[in-house]
S.K.: 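Pasting in a structure now, in structure tokens, and then I'll have a few things to ask.
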Amino acid sequence: MDRKTNSCRPRRSRERGSFLTPQDRRQIDRRLSAMLALLEGGEGALMFDGEPLNSSTRRLLVSSLRRQLEVTKALAKEKFTPKKYRRMR
């Protein structure tokens with residue numbers, strides 16, 4: 001279910017009219033947490049120019065990575081969905 005509207009209908013992405021299902025969003029969340037775990041790996045803190053990132057910069061990094069994963073997922077769904085399963089526009 002979509003958290004904001006509490007409906008079972010997939011939310012429409014802004015990019016090229018593709019849809020991201022709740023399963024896609026969960027997959028994105030899992031990939032994002034795995035990416036952050038790799039980034040925070042050794043010393044436990046993300047570093048920029050030898051100094052740990054502050055919380056606002058970390059939030060911006062997380063939102064940027066999430067958006068990148070959403071866009072690439074939408075583009076991949078559009079590219080690799082067979083034409084017979086695509087919606088008529």
Side-chain angles (χ1 to χ4, degrees):
M1 278 187 2
D2 189 12
R3 285 180 240 141
K4 292 183 181 177
T5 60
N6 291 331
S7 69
C8 294
R9 203 177 43 151
R11 281 186 9 187
R12 188 177 185 120
S13 175
R14 293 181 198 136
E15 261 58 56
R16 299 183 183 218
S18 63
F19 288 92
L20 292 178
T21 63
Q23 180 182 0
D24 294 335
R25 296 205 181 273
R26 285 191 304 271
Q27 186 179 31
I28 288 170
D29 289 339
R30 284 192 302 266
R31 289 188 67 192
L32 181 64
S33 63
M35 289 172 71
L36 290 175
L38 286 174
L39 287 174
E40 294 173 347
E43 299 172 7
L46 291 171
M47 301 290 243
F48 178 73
D49 200 24
E51 297 180 15
L53 291 179
N54 58 14
S55 62
S56 62
T57 307
R58 187 178 189 285
R59 279 196 314 267
L60 289 172
L61 176 66
V62 169
S63 72
S64 175
L65 287 173
R66 179 182 303 277
R67 186 69 186 139
Q68 179 184 7
L69 289 171
E70 288 175 353
V71 169
T72 55
K73 181 72 169 181
L75 289 174
K77 284 183 79 165
E78 182 177 324
K79 182 176 182 178
F80 295 112
T81 301
K83 288 185 180 179
K84 66 181 180 180
Y85 296 118
R86 292 182 190 171
R87 290 182 159 213
M88 299 302 286
R89 295 179 191 196

S.K.: Sequence neighbours excluded, which residues qualify as side chain to side chain contact (heavy atoms under 4.5 Å, CB included) partners of Leu60?
M.R.: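 In terms of side chain to side chain contact (heavy atoms under 4.5 Å, CB included), with neighbours along the sequence ignored, Leu60 is linked to no residue.
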S.K.: Roughly how far apart are Arg25 CZ and Arg66 CZ, rounded to 0.5 Å?
M.R.: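 Output value for this atom pair is 9.0 Å.
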S.K.: List in chain and number order the residues that pass side chain to side chain contact (heavy atoms under 4.5 Å, CB included) with Ser64, two or more places apart in sequence or in another chain; answer none if no residue qualifies.
M.R.: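 Side chain to side chain contact (heavy atoms under 4.5 Å, CB included) check on Ser64 returns nothing, list empty.
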S.K.: Considering only heavy atoms from C-beta outward, does the side chain of Ser63 approach that of Arg67 to under 4.5 Å?
M.R.: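 Ser63 vs Arg67: side chains apart.
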S.K.: Return the CG to CZ distance between Leu39 and Arg58, rounded to the nearest 0.5 Å.
M.R.: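 Going from the CG atom of Leu39 to the CZ atom of Arg58 covers 9.0 Å.
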S.K.: For side chain to side chain contact (heavy atoms under 4.5 Å, CB included), just list the numbers for Leu75 and Val71, CA-CA rounded to whole Å, side-chain angles, deciding distance to a tenth of an Å, and then say yes or no.
M.R.: CA-CA 6 Å; Leu75 289 174; Val71 169; 4.0 Å; yes
S.K.: Gln27: what forms a side chain to side chain donor-acceptor pair (under 3.5 Å) with it, not counting sequence neighbours?
M.R.: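 Gln27 satisfies side chain to side chain donor-acceptor pair (under 3.5 Å) with Lys73 only.
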S.K.: Suppose we screen for side chain to side chain contact (heavy atoms under 4.5 Å, CB included). Which residues come up paired with Gln23, at least two apart in sequence or across chains?
M.R.: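 Side chain to side chain contact (heavy atoms under 4.5 Å, CB included) list for Gln23, sorted by chain: Thr21, Arg26.
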S.K.: If the condition is salt bridge (charged side-chain N to carboxylate O under 4.0 Å, His left out), which residues does Arg31 pass it with, not counting sequence neighbours?
M.R.: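 With sequence neighbours excluded, Arg31 shows a salt bridge (charged side-chain N to carboxylate O under 4.0 Å, His left out) to no residue whatsoever.
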S.K.: Mind checking side chain to side chain donor-acceptor pair (under 3.5 Å) for Thr81 and listing every partner two or more places apart, or none if nothing turns up?
M.R.: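 Side chain to side chain donor-acceptor pair (under 3.5 Å) list for Thr81, sorted by chain: empty.
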S.K.: At what distance, to the nearest 0.5 angstrom, does NZ of Lys79 lie from OG1 of Thr72?
M.R.: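 It comes to 12.5 Å.
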S.K.: Looking only at heavy atoms, what is the nearest atom pair of Thr57 and Asn54, with distance?
M.R.: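 Heavy-atom minimum between the residues: OG1-OD1, 2.5 Å.
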